[in-house]
Asker: 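Here it is, the structure in full.
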Amino acid sequence: MDHQLQSDIECFIIVEEILCQQFLVMFIFLFMVIHGISIKRNRHVIRYLMSSRVSKIISHLNCIIQDSDTSCIDKLRMDRNSFHTLVLLTKEVGGLTDSKYMSSSEKLAMFLNILAHHEKNRSIKVDYIRSGWSVSQAFNECLKVILKLAPLLLVNPKPVLEDELDDRWRWFKGTLDGTYIQIRVPSKDKPRYRTRKGEIATNVLGVCDKNLNFTYVLPGWEGSAADSRVLRNAITRTNGLKIPEGNYYLCNGGYTNGNGFLSPYRGYRYWLRDWQGENPPPQCREELFNMKHARARNAIERTFGLLKGRWGILRSPSWYSVKIHNRIISACCLIHNFIRREMEVDPLEIDVEEQVEYQQDNIDVVESSREWTTWRDELAQSMWNSHLNN
């Protein structure tokens, strides 16, 4: 009898456990069904909120790119016509596309705004009424598109003609220099990126023509790298800096005076401030050469000045990776060229005064040359003779 009772109790316990498990399964199922309905309702609410923001988004964008050139230049560094031209160029050539909720114009406006003012993601998402993810996606998409336009926006270098009327360029062909742009790098890489002044920066080689347009840019070298080393790398790259025989670029005293690169005389006055005010005029051929060299080479200084003045993201370290930051530098140079091509007057140029201070055989080595030094002496003597005759 006791055995039968114990068996019944065990069966009852088993049945009770089964019923409890079934009840729990049904409860979970009902919860998932109810929660799924709630999610669907929330989606409709989100879509409704998105649609209610469209008018505000369009209104803010129109204030920048439609209302006046003044606001467009202030926010995006170019006038309205130039901006719309760039939009067409990025869509037709670069492949920039409109997304479901964001136009190409808005993507490009956010991108230029970030470059111009070094705006943080959280600031842009508030101004443009977008999520941080949308802002980040638009920035990366526009950066890739702008870099695709490099063949169109980089200016093809043209030798200065012998009959050049501008006195600064009568004797010279073109100019190059390097500049430092501050970046953030991992702690282990800081020694390599530390400059002589102790800043953490990348060494950027830039080449420009007499119209202050970039013809070649090489970002990415560590701040500790010597200018001559960066230049040597530039001319040995497959798609690097090409200098046809018989042509040359002006460079400062940090570079070697050799075939294709004309540096000033060391030990003589050179900087523009040395020739201004009550300072005496050139007293010998070397000083005259240095003065004319400095006046012509000032073009690259002014070009870098315009570049950094135009794009705030180049004036202070950003949180982008080194790889992305180097791409940003290249993109800024390309858009700089676009602005100078499309706008009749560069709004920043009036604020940047001169600094006071077929296949051809190309030059593929950077080293001092006795013949090149002799040629520089002959050129300096020609300048001096012309100066004495006048």
Side-chain angles (χ1 to χ4, degrees), residues 64 70-78 82-83 108-124 127 135-136 139-140 142-143 146-147 153 176-186 189-190 192-208 212-214 217-225 227 230 252 298-340 343 346-357:
I64 298 175
T70 302
S71 61
C72 194
I73 291 173
D74 177 60
K75 288 289 186 180
L76 312 181
R77 297 301 189 244
M78 62 185 71
S82 300
F83 175 76
L108 196 58
M110 287 193 294
F111 175 73
L112 294 174
N113 203 339
I114 293 172
L115 297 185
H117 300 281
H118 197 182
E119 294 279 8
K120 301 299 186 291
N121 184 295
R122 59 180 177 270
S123 299
I124 294 295
D127 293 342
V135 173
S136 180
F139 181 87
N140 290 321
C142 288
L143 180 59
I146 292 296
L147 294 178
L153 298 182
L176 62 80
D177 200 2
T179 189
Y180 293 113
I181 294 179
Q182 296 183 21
I183 58 174
R184 283 189 169 89
V185 298
D189 294 330
K190 285 186 177 181
R192 294 191 295 119
Y193 283 88
R194 196 179 304 280
T195 68
R196 293 189 301 272
K197 295 182 179 179
E199 297 176 341
I200 305 301
T202 179
N203 192 344
V204 181
L205 174 67
V207 183
C208 78
L212 313 186
N213 290 307
F214 285 102
V217 179
L218 177 61
W221 272 89
E222 301 89 340
S224 61
D227 289 342
V230 179
N252 63 28
N298 183 256
I300 188 64
E301 304 287 353
R302 292 172 61 201
T303 304
F304 279 136
L306 285 171
L307 183 73
K308 293 182 179 181
R310 198 187 313 277
W311 308 117
I313 200 168
L314 302 183
R315 297 196 295 269
S316 58
S318 73
W319 291 101
Y320 295 101
S321 67
V322 174
K323 182 178 180 180
I324 296 298
H325 199 86
N326 290 334
R327 292 177 178 176
I328 290 173
I329 295 170
S330 297
C332 288
C333 294
L334 294 175
I335 305 174
H336 165 91
N337 282 4
F338 173 81
I339 292 173
R340 294 190 60 80
M343 296 182 65
D346 189 333
L348 282 183
E349 187 171 1
I350 58 177
D351 297 328
V352 180
E353 299 180 356
E354 289 193 350
Q355 302 275 334
V356 180
E357 37 147 328

Asker: Would Val185 and Glu222 satisfy side chain to side chain contact (heavy atoms under 4.5 Å, CB included), going step by step from the backbone distance to the final call?
Answerer: CA-CA 10 Å; Val185 298; Glu222 301 89 340; over 6 Å; no

Asker: At what distance, to the nearest 0.5 angstrom, does CD1 of Ile335 lie from CG of Leu153?
Answerer: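 It comes to 8.5 Å.
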
Asker: Taking the side chain as everything from C-beta on, heavy atoms only, tell me whether Phe83 gets closer than 4.5 Å to Leu112.
Answerer: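 Yes - at least one pair of side-chain heavy atoms lies under 4.5 Å apart.
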
Asker: Identify the two heavy atoms, one from Phe111 and one from Cys142, that lie closest to each other, and give their separation to 0.1 Å.
Answerer: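 Closest approach of Phe111 to Cys142: CG-CB, 3.6 Å.
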
Asker: Please report the interatomic distance CG(Leu314) to OG1(Thr202), rounded to the nearest 0.5 Å.
Answerer: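 The OG1 atom of Thr202 is 11.0 Å from CG of Leu314, to the nearest 0.5 Å.
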
Asker: Output the distance between atom CG (Leu143) and atom CD1 (Ile114), rounded to the nearest 0.5 Å.
Answerer: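 The CG atom of Leu143 sits 10.5 Å away from the CD1 atom of Ile114.
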
Asker: Sequence neighbours left out, what passes side chain to side chain donor-acceptor pair (under 3.5 Å) with Asn252? Give chain and number order.
Answerer: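 Partners of Asn252 under the side chain to side chain donor-acceptor pair (under 3.5 Å) test: Asp177.
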
Asker: Identify each donor-acceptor pair in which a side-chain atom of residues 323-330 lies under 3.5 Å from a protein atom, sequence neighbours left out, and give them as a table.
Answerer:
residue : atom : partner : partner atom : Å
His325  : ND1  : Ser318  : OG           : 2.9
Asn326  : ND2  : Val322  : O            : 3.2
Ser330  : OG   : Asn326  : O            : 3.4

Asker: Please list, chain by chain and in numerical order, all residues satisfying ring-ring contact (aromatic ring centres under 6.0 Å, His included) with Tyr193, sequence neighbours excluded.
Answerer: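 Tyr193 satisfies ring-ring contact (aromatic ring centres under 6.0 Å, His included) with no residue once adjacent residues are dropped.
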
Asker: Out of curiosity, Arg302 CZ to Leu307 CG, how far, rounded to the nearest 0.5 Å?
Answerer: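 The distance works out to 14.0 Å.
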
Asker: Do Leu115 and Phe139 have side chains that get closer than 4.5 Å, going by heavy atoms?
Answerer: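 Heavy-atom side-chain distance check passes, below 4.5 Å.
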
Asker: Distance from Arg310 atom CZ to Asp346 atom CG, nearest 0.5 Å?
Answerer: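 These two atoms lie 4.0 Å from each other.
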
Asker: Could you pull out all residues at least two apart from Asp127 that satisfy salt bridge (Lys or Arg N to Asp or Glu O under 4.0 Å)?
Answerer: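 Applying salt bridge (Lys or Arg N to Asp or Glu O under 4.0 Å) to Asp127 gives none.
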
Asker: Under the side chain to side chain donor-acceptor pair (under 3.5 Å) test, which residues partner Glu119, sequence neighbours left out?
Answerer: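 Partners of Glu119 by the side chain to side chain donor-acceptor pair (under 3.5 Å) criterion come out as none, since no residue qualifies.
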
Asker: With sequence neighbours excluded, tell me which residues meet side chain to side chain donor-acceptor pair (under 3.5 Å) with Asp74.
Answerer: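 Here no residue qualifies.
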
Asker: So Phe214 and Thr303, do their side chains get closer than 4.5 Å, heavy atoms only?
Answerer: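 Yes, close enough: below the 4.5 Å cut-off.
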
Asker: Just to verify, what does Tyr180 make a ring-ring contact (aromatic ring centres under 6.0 Å, His included) with, not counting sequence neighbours?
Answerer: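 With sequence neighbours excluded, Tyr180 shows a ring-ring contact (aromatic ring centres under 6.0 Å, His included) to no residue whatsoever.
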
Asker: What heavy-atom pair brings Leu218 and Val230 nearest, and what distance separates the two atoms?
Answerer: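 Smallest heavy-atom distance, with atoms named: CD2-O, 4.0 Å.
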
Asker: How about Arg315 and His118: do any of their side-chain heavy atoms sit closer than 4.5 Å?
Answerer: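 Counting from C-beta outward, Arg315 and His118 never come under 4.5 Å.
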
Asker: So, the side chain of Asn203 versus the backbone of Ala225: is there a donor-acceptor pair under 3.5 Å, distance only?
Answerer: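 Answer holds: yes.
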
Asker: What pairs with Asn213 under side-chain contact (heavy atoms from CB on, under 4.5 Å), at least two apart in sequence or on another chain?
Answerer: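 Result, side-chain contact (heavy atoms from CB on, under 4.5 Å) vs Asn213: Val155, Asp209, Asn211, Asn337, Arg340.
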
Asker: With a 4.5 Å cut-off on side-chain heavy atoms, are Pro219 and Val204 touching?
Answerer: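 Sidechains of Pro219 and Val204: in contact.
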
Asker: Thr195: what forms a side chain to side chain donor-acceptor pair (under 3.5 Å) with it, not counting sequence neighbours?
Answerer: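 So Thr195 forms no side chain to side chain donor-acceptor pair (under 3.5 Å) with any residue.
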
Asker: Could you work out, with salt bridge (Lys or Arg N to Asp or Glu O under 4.0 Å) as the rule, every residue matching Arg184, not counting sequence neighbours?
Answerer: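 Not a single residue meets the salt bridge (Lys or Arg N to Asp or Glu O under 4.0 Å) criterion with Arg184.
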
Asker: Applying side chain to side chain contact (heavy atoms under 4.5 Å, CB included), run through Asn121 and Ser136 and close with a yes or a no.
Answerer: CA-CA 7 Å; Asn121 184 295; Ser136 180; 4.0 Å; yes

Asker: Determine whether a donor-acceptor pair (N or O, by modelled atom type, separation under 3.5 Å) exists between the side chain of His336 and the backbone of Phe304.
Answerer: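 Checked: no pair found.
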
Asker: Could you tell me the separation between the CE atom of Met110 and the CG atom of Leu76, rounded to the nearest 0.5 Å?
Answerer: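 Met110 atom CE to Leu76 atom CG measures 11.5 Å (nearest 0.5 Å).
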
Asker: Judged by atom type as modelled, is there a donor-acceptor pair below 3.5 Å linking the side chain of Ser224 to the main-chain atoms of Arg192?
Answerer: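 Side chain of Ser224 to backbone of Arg192, a donor-acceptor pair under 3.5 Å: yes, one is there.
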
Asker: State, with a plain yes or no, whether a side-chain heavy atom of Pro317 is found less than 4.5 Å away from one of Ile200.
Answerer: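 Of all side-chain heavy-atom pairs linking Ile200 with Pro317, none is under 4.5 Å.
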
Asker: Under 6.0 Å from the NZ atom of Lys190, do we count more than 12 heavy atoms belonging to anything else shown?
Answerer: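 No, NZ of Lys190 has 12 or fewer neighbouring heavy atoms, counting only those of other groups under 6.0 Å.
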
